[in-house]
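Step one of this worksheet: look at the structure below.
Each chain gets a letter, A, B and so on, in the order its sequence line appears, and its residues count up from 1.
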Amino acid sequence: MIDLKSLRADPEQFRAALGRKRYGSEDLDQVLAADASVRRLKAELEELRAARNAASRRIPRTTGKEKAEVLADMKRVAIRLKEAEPDLRQQEEELRLALLRIPNPPHGDVPDGVGDDANVVLRKVGEPRRTSFDLLDHLDLGEARGWIDVKRAARSSGSRFAYLMGELVELELALVRFAMDRVIAAGFKPVVPPIVVREAAMYGTGFFPADRNEIYKIEDEDAYLVGTSEVSLAALHMEETLPESDLPVRYAGFSTCLRKEAGTYGKDTRGIFRVHQFDKVEMFSFCKPAASHDEHLLILEVEEGILSSLEIPYQVVHVCTGDLGAPAARKYDLEAWMPGQAAFREVTSCSNCTDYQARRLGARFRGKDGTALLHTLNGTAVAIGRTIIALIENHQQEDRSVRIPTDLRPYLGGRQQL
RNA sequence: GGAGGGGUGGCCGAGUGGUUGAAGGCAGUGGUCUUGAAAACCACCGUGCGCAAGCACCGCAGGUUCGAAUCCUGUCCCCUCCGCCA
């Protein structure tokens with residue numbers, strides 16, 4: 001959520017910034033109008049309440065005629081309050097809903113653009129391998145090795161599901177443990193969070209209302225399945241005020257992620273690149289506002305370290321305004337080279353959400369000069385499906401075995417290949 | 001799932017429908033005293049909105065009333081017992 005006071009002070013700045021995010025200004029206009037009318041009505045009601053409070057203090061000490069008069073006056077005040085309060089509630093609700101729709105303005109240095117084609121490559125690390133034989137893509141290789149079964153998954157569960165089997169499961173567990181060790185070393189506390197959350201957590205993180213169509217809901221309950229543990233990690237400190245001395249607070253969540261992938265029909269349909277269910281180790285930080293950019297770079301560094309250790313060629317991308325999503329002010333993606341697609345594709349991502357989620361969540365810290373909103377950041381340590389694709393495509397050998405990168409071998413009992 | 005009990009400030013804990021934003025204690029901050037510390041004593045000590053006056057907040061949301069922490073309804077959470085269960 002954006003800061004209403006700042007919006008009021010300088011609406012044009014917000015209009016321009018959100019325009020860069022390809023966001024129209026109708027909601028801004030609605031917020032400004034609703035805000036003005038809420039403030040007007042609120043002033044009137046607060047005056048009435050002040051009069052009532054004053055009378056309330058007097059009533060017990062008055063008697064007879066005077067008391068009757070005050071009671072009659074207050075009766076009228078009560079009637080006016082009773083008729084106006086629902087109006088105020090409704091106006092405040094309209095204001096709140098409009099405010100919740102407004103995305104976080106992008107940071108000034110974020111490249112302009114509509115879609116991911118406008119993202120800016122900051123650097124490339126590693127070289128795609130040249131081979132004397134043809135590389136199979138992850139699905140052909142996975143099926144040949146008995147590692148991936150999407151056909152039976154379609155029968156049991158629908159499209160965009162997969163059975164991961166055999167050594168690929170060992171690889172998943174190794175990747176999880178490997179990534180966990182890395183993030184623990186960077187100061188993140190491991191967490192296995194709930195993957196079911198209330199609606200409030202979805203609103204708090206900014207997934208609602210913007211991405212509601214992406215989220216699975218449990219029927220007849222206030223219960224939603226997270227598309228990333230970011231949601232439950234962020235919600236860990238909702239409505240809390242953390243002591244400044246605890247900051248930064250860093251968590252690494254390991255969880256299954258569930259996404260409806262609505263509106264992606266026909267896109268990335270092959271294999272396990274885009275599926276409804278995958279496991280992920282996710283970093284999440286709560287920090288002081290002044291520290292959030294450094295924290296962002298730290299998360300990026302951890303992500304790059306992991307991909308480097310896995311010996312996967314990648315590029316770092318500065319995500320453009322149109323591709324940021326609602327909560328992020330700045331975002332970097334890591335795109336791994338995927339020989340099967342002959343393209344760099346997103347495997348991890350890290351965002352600085354500034355105070356946008358914190359304001360919605362009510363996540364603050366207490367410093368010397370009182371309380372203030374925290375900044376929140378998130379980043380992928382390892383997203384299993386896509387990392388597996390990158391690993392088995394980049395490291396496959398002519399005999400269809402897969403070389404295990406050195407740094408990962410300790411997590412696979414010292415094996416050098418699968 | 002069934003039957004009970006309970007949610008008050010950082011913590012513990014009072015609270016009769018009316019100067020209660022809320023007694024008291026602990027913790028914390030500042031001070032007096034002390035060579036220093038402890039103890040003792042004094043003062044301060046919740047959050048949000050607002051320039052301010054002020055308004056709101058006793059899990060949350062409604063309701064009754066001139067007036068609600070206090071009465072009513074719903075809801076969330078916690079505890080105990082029974083059932084079920086990895």
Side-chain angles (χ1 to χ4, degrees), chain A residues 1-10 31-32 34-100 192-204 208 217-224 232 235-247 249 255-256 286 289 355-374:
Chain A
M1 194 148 66
I2 59 166
D3 178 28
L4 186 51
K5 220 188 288 182
S6 313
L7 172 64
R8 212 182 280 144
D10 191 357
V31 165
L32 289 166
D35 177 49
S37 118
V38 161
R39 284 159 63 84
R40 215 176 302 125
L41 190 52
K42 212 175 194 173
E44 188 203 337
L45 294 199
E46 286 193 0
E47 245 172 75
L48 289 174
R49 289 199 191 110
R52 184 183 69 185
N53 288 344
S56 247
R57 278 188 288 270
R58 236 170 51 236
I59 285 172
R61 290 176 290 130
T62 55
T63 50
K65 196 173 156 208
E66 192 189 349
K67 182 164 191 166
E69 276 171 17
V70 178
L71 283 180
D73 277 352
M74 287 309 107
K75 182 76 184 170
R76 279 192 295 276
V77 167
I79 287 167
R80 171 60 189 148
L81 279 171
K82 195 151 286 181
E83 74 181 10
E85 273 169 349
D87 289 347
L88 180 61
R89 265 203 299 279
Q90 194 198 327
Q91 288 183 20
E92 282 180 326
E93 181 62 6
E94 280 169 20
L95 172 60
R96 195 183 68 88
L97 290 176
L99 207 47
L100 283 171
V192 176
I195 61 169
V196 177
V197 298
R198 299 178 194 283
E199 192 179 47
M202 286 293 180
Y203 272 106
F208 283 9
K217 181 184 195 314
I218 294 176
E219 202 176 1
D220 298 330
E221 290 186 39
D222 177 22
Y224 300 81
S232 22
L236 193 46
H237 292 302
M238 65 196 286
E239 307 297 338
E240 284 186 30
T241 303
L242 304 177
E244 188 174 20
S245 54
D246 284 2
L247 301 175
V249 172
S255 85
T256 294
F286 297 89
D355 61 8
Y356 185 83
Q357 292 180 324
R359 186 172 289 107
R360 292 168 162 244
L361 290 163
R364 301 160 186 279
F365 70 98
R366 186 185 315 281
K368 277 203 171 359
D369 312 314
T371 64
L373 291 168
L374 289 158

Spacing between [X] atom [atom1] and [N] atom [atom2], to the nearest angstrom:
| X | N | atom1 | atom2 | answer |
| --- | --- | --- | --- | --- |
| A/R49 | B/rG50 | CZ | C1' | 14 Å |
| A/E239 | B/rG48 | CD | C1' | 11 Å |
| A/L95 | B/rC49 | CG | C1' | 13 Å |
| A/E244 | B/rG10 | CD | C1' | 17 Å |
| A/L373 | B/rC49 | CG | C1' | 14 Å |
| A/E221 | B/rC77 | CD | P | 10 Å |
| A/D3 | B/rG48 | CG | P | 13 Å |
| A/M238 | B/rU47 | CE | P | 21 Å |

Rounded [atom1] spacing from [N] to [M] in Å:
| N | M | atom1 | value |
| --- | --- | --- | --- |
| B/rG59 | B/rG9 | C1' | 14 Å |
| B/rU80 | B/rA43 | C1' | 45 Å |
| B/rC85 | B/rC72 | C1' | 38 Å |
| B/rG67 | B/rG74 | C1' | 24 Å |
| B/rC26 | B/rU35 | C1' | 30 Å |
| B/rA27 | B/rG13 | C1' | 14 Å |
| B/rC42 | B/rA53 | C1' | 32 Å |
| B/rG83 | B/rA23 | P | 45 Å |

**Side-chain heavy-atom pair A/K65, A/E69 within 4.5 angstrom cut-off** = yes

**Message:** Any non-hydrogen side-chain atom of A/D35 less than 4.5 Å from a side-chain atom of A/L7?
**Reply:** no

Once you apply a heavy-atom cut-off of 4.0 Å, does [X] come out as touching a base, just sugar-phosphate, or nothing?
| X | result |
| --- | --- |
| A/K5 | sugar-phosphate |
| A/R76 | nothing |
| A/T371 | sugar-phosphate |
| A/N53 | sugar-phosphate |

**Prompt:** For A/Y203, what residues pass the ring-ring contact (aromatic ring centres under 6.0 Å, His included) criterion, not counting sequence neighbours?
**Reply:** A/F208

Would you say the side-chain atoms of [X] pair up with the backbone N or O of [Y], donor to acceptor, closer than 3.5 Å?
| X | Y | result |
| --- | --- | --- |
| A/S232 | A/P194 | yes |
| A/R359 | A/L373 | no |
| A/K217 | A/E221 | yes |

**Protein-to-nucleotide contact annotation, 5' to 3' order, nucleotides 58-69 of chain B [B base; S sugar-phosphate only; - none; under 4.0 Å, heavy atom]** = ----SSSBBS--

Partner of [N] by Watson-Crick or G-U wobble geometry, both contacts under 3.5 Å, or none?
| N | answer |
| --- | --- |
| B/rG36 | none |
| B/rA3 | B/rU80 |
| B/rA43 | B/rU29 |
| B/rC55 | B/rG48 |

**Sorted by number, the residues of residues 34-44 of chain A with heavy-atom contact under 4.0 Å to RNA chain B** = none

**Request:** Assign each of A/R366 and A/A50 to its nearest nucleotide of RNA chain B by heavy atoms, then name whichever residue's nucleotide is nearer the 5' end.
**Result:** A/R366

**Request:** Report the residue (A/E46 or A/A55) whose heavy-atom-nearest nucleotide on RNA chain B is the more 5′ of the two.
**Result:** A/A55

Just list the side-chain donor-acceptor pairs under 3.5 Å for residues 87-97 of chain A, sequence neighbours left out, or say none.
unit_1 : atom_1 : unit_2 : atom_2 : d
A/Q90  : NE2    : A/E94  : OE2    : 3.0
A/Q91  : OE1    : A/S37  : OG     : 2.5
A/E93  : OE1    : A/R96  : NE     : 3.1
A/E93  : OE2    : A/R96  : NH2    : 3.1

**Message:** So, using side chain to side chain donor-acceptor pair (under 3.5 Å) as the criterion, who are the partners of A/R49 when residues are at least two apart?
**Reply:** A/E85

**All salt bridge (charged side-chain N to carboxylate O under 4.0 Å, His left out) counterparts of A/E199, not counting sequence neighbours** = A/R212

